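Below is one structure; the comments refer to it alone.
In what follows, residues are counted from 1 in the order of the sequence shown. Predicted, not measured: the structure shown is a model, and the values here were computed from it.
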Amino acid sequence: MTLSTTSFDQSVLRNAFGQFPSGVVAVCAEIDGVQVGMAASSFVAVSIDPPLVAFCVQDTSTTWPKFAAAPRIGISVLGELHDVAARTLAAKTGNRFEGLTTVTTEDGALFIDGASMWLDASVTEQVTAGDHDIVLMRINELEIKDGVAPMVFHGSKFRRLAVDL
């Protein structure tokens, strides 16, 4: 058997990677009174003991370096009604929190209201991997919001899960 596509240009790889559905999270913190946030679709659970999660961030990100001063970062697992929030948080310019209701802890972890889960986390390690960095984070606290269906990112589009069969 021979696979039909052997070219690894960016558009082919983006299309290939887009075949795998993923959840969408908001990675946010309040740093020196300023809300900082970004959307990520590369979020993954890593370990139960210790409680670890990870996500990937492009090495050209101008937002991620701002998190260096954040002792705690809020991760909000966005729900199916957060399509506008995900686009706003992913924007290169403008107020990324426009129209969003947020909650901030005393330690600066910032959460998006209506998310299906909130994780208060701290960065433990950052590893360079090609044109991205893998950010490993320890979960300090969490809150699960029952009844909120998650958003799914697939084929470069935000989608809702179908009803169980």
Nearest 0.5 Å, please: how far is [atom2] in [Y] from [atom1] in [X]?
X: C28; Y: I75; atom1: SG; atom2: CD1; value: 9.5 Å
X: L52; Y: R138; atom1: CG; atom2: CZ; value: 6.5 Å
X: M38; Y: K92; atom1: CE; atom2: NZ; value: 8.5 Å
X: D131; Y: D59; atom1: CG; atom2: CG; value: 5.5 Å
X: D83; Y: L78; atom1: CG; atom2: CG; value: 10.0 Å
X: L119; Y: I73; atom1: CG; atom2: CD1; value: 12.0 Å

- Intermediate values then yes/no, side-chain hydrogen bond (donor to acceptor under 3.5 Å, both in side chains), Q35 and T102: CA-CA 10 Å; Q35 293 181 327; T102 60; 3.1 Å; yes
- Sequence neighbours left out, what passes salt bridge (charged side-chain N to carboxylate O under 4.0 Å, His left out) with D113? Give chain and number order.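 With neighbours one apart ignored, the set is empty.
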- Item | Closest contact, heavy atoms only, V53 versus A45 |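 Nearest heavy atoms, V53 then A45: CG1-CA, 4.3 Å.
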- Work out which heavy atom in A70 is nearest to a heavy atom in A29; give both atom names and the distance.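 A70 and A29 have their closest heavy atoms at CB-CB, 4.0 Å.
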Do [X] and [Y] share a hydrophobic cluster, counting only Ile, Leu, Val, Met, Phe, Trp and Tyr and linking them when any side-chain heavy atoms are less than 4.5 Å apart?
X: I139; Y: L136; answer: no
X: F153; Y: V77; answer: no
X: V57; Y: V36; answer: yes

- Task: Given side-chain contact (heavy atoms from CB on, under 4.5 Å), test V135 with V123 step by step and report yes or no.
- Result: CA-CA 7 Å; V135 181; V123 175; 4.0 Å; yes
Report, one line per pair, each donor and acceptor closer than 3.5 Å where one atom sits in a side chain of residues 140-152; sequence neighbours left out.
| unit_1 | atom_1 | unit_2 | atom_2 | d |
| --- | --- | --- | --- | --- |
| N140 | ND2 | D120 | OD1 | 3.1 |
| N140 | ND2 | S122 | OG | 2.9 |
| E143 | OE2 | K145 | NZ | 2.7 |

- Task: Quick one: which residue pairs count as a ring-ring contact (aromatic ring centres under 6.0 Å, His included) with a foot in residues 79-115, not counting sequence neighbours?
- Result: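 For residues 79-115, and leaving out neighbouring residues, the ring-ring contact (aromatic ring centres under 6.0 Å, His included) pairs sorted by first residue read F111-W118.
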- Message: By the definition ring pair (Phe, Tyr, Trp, His ring centres under 6.0 Å), identify the one residue from F43, W64, F67 that meets it with F55.
- Response: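 Going through F43, W64, F67 one by one, the ring pair (Phe, Tyr, Trp, His ring centres under 6.0 Å) with F55 is satisfied by W64 alone.
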- Heavy-atom donor-acceptor pair, T88 side chain to V84 backbone, under 3.5 Å: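 Side chain of T88 to backbone of V84, a donor-acceptor pair under 3.5 Å: yes, one is there.
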- Item | T104 side-chain N/O to G108 backbone N/O, donor-acceptor pair under 3.5 Å |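 Not a single qualifying donor-acceptor pair exists.
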- Apply side-chain contact (heavy atoms from CB on, under 4.5 Å) to the pair R96 and T63, showing each step before the final yes or no. CA-CA 11 Å; R96 292 185 178 176; T63 303; 2.8 Å; yes
- Pairwise side-chain contact, E30 with T105, heavy-atom cut-off 4.5 Å (strictly under):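 In short, these two side chains do not touch, never coming nearer than 4.5 Å.
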- Message: Taking CG in N95 as the centre, count heavy atoms belonging to other residues, nucleotides or ligands within less than 6.0 Å. Is the count above 12?
- Response: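 It does: N95 CG has more than 12 such atoms within range.
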- Task: Applying side-chain contact (heavy atoms from CB on, under 4.5 Å), run through V103 and L110 and close with a yes or a no.
- Result: CA-CA 6 Å; V103 176; L110 185 129; over 6 Å; no
